[in-house]
> 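This is the structure I want to talk about, given as structure tokens.
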Amino acid sequence: MIRLCVVGCGSFTTEAYMPMIEQERRAGRVELVSVCDVLEQQARATMERFAAKRYETDYRQAVAQPDIDAVIIGTNIATHAPIALAALQAGKHVLVQKPIATSLEEANTLLAEAKRRRLVLEVEPPHVRNPLCRMARELIADGAIGQVCWVRAVSAHGGPHYRRWFWFRDQGGSVVYDMGVHAINWVLGLAGPARRVTALFTTTVPERLVVTDPAFRGTIPGISSLSRPEDAPPGAPVAPTRIDIEDNAMLLLELRNGALASVTTNYCTLAHELPSYEVYGTEGTIYIGGPQGALQYFSKRAAPFGKGGWVTVSHQGGLTANPLRFGGRGATGPLAMPSTVTHLVDCILQGKRPVNDGEVARHALEIMLKAAQAAATGQAQDLVTTFTLRD
Ligand SMILES: NC(=O)c1ccc[n+]([C@@H]2O[C@H](COP(=O)([O-])OP(=O)(O)OC[C@H]3O[C@@H](n4cnc5c(N)ncnc54)[C@H](O)[C@@H]3O)[C@@H](O)[C@H]2O)c1
């Protein structure tokens, strides 16, 4: 039984972590011991709603308690590293939201601390172990699309207008940290580490209508896009706000395998139906997340089976619809992905390293930090970190 402390009782914790924890609790694998938030009312309400044993308002005290085995961190971006470090130093396993930190030094310290103390350090997002990402990796490894030449990844929506801190740099706000990190992790999961990055960042819509109350709990329609006062839910306290972050960024990566990748990320996209992730090789193409299905691929080798060489793997059809087996290692298995909380518990109980571990997260962070440098200086930047995926 893993005894949990959750730090940060905001939107993601309430809507995503708590259902994940509830699933593990029903399976008898975790106990929700404490919840912690600087806003006392949030902490108390979360304790009551999700039947935690107690609430706290000081994370240092919360993570240090002897009846805690693991800490889940769902706070504002600027606080991830200090809270994760306090938890590791108190001997607790950690699952932390993305990005792992806001400097490479902090990320290095977290990795060293976890390694030294033999603690699990799992970092969101978990895309490298997404079944579709794994399936694409298997197809690539089996030669289905030949040599990988280029990758395109998009992660964009209208903006998190429900919360003010996302729009201010000193609180960790950055569309690249918040959204670009998803596309970057997909690129890393599909095609491996990068060795060079360049980028352009801009602020395209500098004035936004943003909710002013940090405890606001309503939802804003249309993936939180809010451009007119009448879009705000009744009673939501919104104010025109001059933001100080980039809201629109494009990154170019040279990968270690010789391919190029582009990452498009912004808070300026209300709708798109393009595949979110695309991989192009000398023998074929893989799409993930388009309107046609969960994963679609074209392979010269698939031509006799698929429609004109295209094979679609849909969420409904499951993987049994996939007629292809390359080298006996065809993609099989369920499309559902164990949650990050399930993965945390599995890793603790089995003494395993998470697939979405600190190394992947540190490399993604270096890409984001060096992309910002490249955008500021106009100079492409070399990357020094790397990672190995442990599937
Ligand atoms: N993986 C995803 O798809 C996804 C989606 C949304 C948000 N997120 C991430 O989740 C995290 C939280 O986002 P959110 O939308 O829930 O924000 P939020 O503002 O709703 O929640 C953050 C909570 O953390 C609390 N907090 C801040 N500093 C604290 C501290 N030092 N100690 C204790 N509590 C503290 C705040 O009071 C707030 O209640 C962010 O890192 C965000 O990037 C991830």
Side-chain angles (χ1 to χ4, degrees), residues 5-20 34-47 49-50 52 55-64 71-87 94-102 122-130 155-186 210-220 223-224 236 245 265 267 276 289 337 339-341 343-344 356 361 364-365 368:
C5 164
V6 178
V7 184
C9 301
S11 302
F12 195 86
T13 289
T14 311
E15 283 155 37
Y17 279 141
M18 286 304 175
M20 296 180 201
S34 70
V35 295
C36 171
D37 201 292
V38 280
L39 302 174
E40 183 172 3
Q41 179 49 33
Q42 296 289 86
R44 186 186 298 118
T46 306
M47 173 193 75
R49 179 168 164 199
F50 298 101
Y55 77 86
E56 319 243 10
T57 53
D58 178 341
Y59 76 82
R60 290 182 191 284
Q61 211 172 300
V63 304
V71 177
I72 296 176
I73 302 165
T75 54
N76 307 28
I77 287 171
T79 65
H80 292 173
I83 299 175
L85 185 60
V94 166
L95 164 59
V96 60
Q97 263 295 345
K98 44 71 177 175
I100 181 172
T102 54
E122 184 188 6
V123 188
E124 302 276 2
H127 307 316
V128 295
R129 62 180 177 80
N130 183 300
S155 183
H157 60 45
H161 295 88
Y162 69 95
R163 202 61 85 218
R164 199 168 189 280
W165 67 263
F166 279 103
W167 303 96
F168 293 91
R169 204 170 298 284
D170 64 351
Q171 292 166 62
S174 149
V175 72
V176 179
Y177 284 166
D178 178 42
M179 292 298 291
V181 69
H182 290 290
I184 290 167
N185 271 271
W186 272 97
V210 176
V211 169
T212 51
D213 177 1
F216 173 73
R217 276 292 168 277
T219 51
I220 295 177
I223 319 184
S224 62
I245 58 158
T265 185
Y267 291 145
S276 295
M337 173 163 64
S339 78
T340 44
V341 174
H343 196 50
L344 173 76
N356 44 309
L365 175 65
M368 296 187 277

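Note that ligands are numbered from 1 as they come in the structure, with each ligand's atoms numbered from 1 the same way. Note that the structure is a prediction, hence the values are computed from the model and not measured.
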> Shortest non-hydrogen contact from Cys36 to Ala43?
C-CB, 4.5 Å
> How about Ser174 and Ile77: do any of their side-chain heavy atoms sit closer than 4.5 Å?
no
> Decide yes or no for Ile72 and Met20: does some side-chain heavy atom of the first lie under 4.5 Å from some side-chain heavy atom of the second?
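A side-chain contact is absent here, since even the closest heavy-atom pair is not under 4.5 Å.
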> Looking at Asp178, which atoms of ligand 1 are within less than 4.0 Å of one of its heavy atoms?
43 (O)
> Would you indicate whether Arg60, at its atom CZ, is surrounded by more than 12 heavy atoms from other residues, nucleotides or ligands within a distance under 6.0 Å?
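No, CZ of Arg60 has 12 or fewer neighbouring heavy atoms, counting only those of other groups under 6.0 Å.
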> Which atoms of ligand 1 are found less than 4.0 Å from any heavy atom of Asn76?
22 (C), 24 (O), 26 (N), 27 (C), 36 (C)
> Is there a donor-acceptor pair under 3.5 Å between the side chain of Asn356 and the backbone N or O of Glu124?
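Side chain of Asn356 to backbone of Glu124: no pair is present.
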> Do me a favour and list the nearest non-hydrogen protein atom to atom 38 (C) of ligand 1 with residue, atom name and distance?
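The protein heavy atom lying closest is Asp37 OD2, 3.4 Å.
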> So between Gln42, Arg163, Arg60, whose heavy atom ends up nearest atom 18 (P) of ligand 1?
Arg163
> Report the part of Trp165 (side chain from C-beta onward, or backbone N, CA, C, O) that has a heavy atom under 4.0 Å from ligand 1; answer both or neither where that applies.
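The answer is the side chain of Trp165.
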> Check whether any N or O atom of Glu124, backbone or side chain, sits under 3.5 Å from an N or O atom of ligand 1, and answer yes or no.
no
> Any sub-3.5 Å donor-acceptor pair from Trp165's side-chain atoms to Asp170's backbone N or O?
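Flag not set: sc Trp165 to bb Asp170 has no pair under 3.5 Å.
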> State whether the shortest distance between N or O atoms of Thr75 and N or O atoms of ligand 1 falls below 3.5 angstrom.
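Min N/O separation from ligand 1 is below 3.5 Å for Thr75.
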> Any nitrogen or oxygen of Thr79 lying under 3.5 Å from a nitrogen or oxygen in ligand 1? Just yes or no.
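For ligand 1, there is no N or O atom that lies under 3.5 Å from one belonging to Thr79.
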> Relative to ligand 1, is Lys98 under 4.0 angstrom through side chain, backbone, both or neither, heavy atoms considered?
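The answer is both.
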> Does Leu39 offer a backbone N or O that forms a donor-acceptor pair with the side chain of Asp37 under 3.5 Å?
yes
> Please determine if Phe12 has a nitrogen or oxygen closer than 3.5 Å to a nitrogen or oxygen of ligand 1.
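Such a contact does occur with ligand 1.
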> Is the shortest side-chain heavy-atom distance between Phe166 and Ile245 below 4.5 Å?
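No, side chains not in contact.
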> Looking at atom 21 (O) of ligand 1, what's its closest protein heavy atom, distance included?
Gly10 CA, 3.2 Å
> Checking Glu40 against Tyr55: is there a side-chain donor and acceptor pair closer than 3.5 Å?
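The criterion, which ignores hydrogens and geometry beyond distance, is satisfied for Glu40 and Tyr55.
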> Using a 4.0 Å cut-off to any heavy atom of Leu39, which atoms of ligand 1 qualify?
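Taking each heavy atom of Leu39 in turn, ligand 1 has 37 (O) under 4.0 Å.
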> Do any nitrogen or oxygen atoms of Ser11 lie less than 3.5 angstrom from nitrogen or oxygen atoms of ligand 1?
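N/O-N/O distance under 3.5 Å: yes.
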> Considering non-hydrogen atoms of the protein only, which is the closest contact for atom 33 (C) of ligand 1, and what is the distance?
Val38 N, 3.5 Å
> Identify, by atom number and element, the atoms of ligand 1 in contact range of Val7, meaning under 4.0 Å from any of its heavy atoms.
33 (C)
> Could you tell me whether a side-chain N or O of His127 sits under 3.5 Å from a main-chain N or O of Pro125, the two making a donor and an acceptor?
no
> Quick one: which ligand 1 atoms are inside 4.0 Å of a heavy atom on His80?
41 (O)
> To check your reading of the model: name the closest protein heavy atom to atom 44 (C) of ligand 1, its residue, and the distance in Å.
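Atom 44 (C) of ligand 1 sits closest to the protein heavy atom Gln97 OE1, 3.3 Å.
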> List ligand 1 atoms under 4.0 Å from Tyr162, heavy atoms only on the residue side.
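Those of ligand 1 that fall under 4.0 Å from Tyr162 are 14 (P), 15 (O).
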> Taking the side chain from His80 and the backbone from Thr75, do they hold a donor-acceptor pair closer than 3.5 Å?
yes
> Does ligand 1 have an atom that lies less than 4.0 angstrom from a heavy atom of Gly74?
yes
> Evaluate Thr102 against Met368 for side-chain contact (heavy atoms from CB on, under 4.5 Å), listing each step before the verdict.
CA-CA 9 Å; Thr102 54; Met368 296 187 277; over 6 Å; no
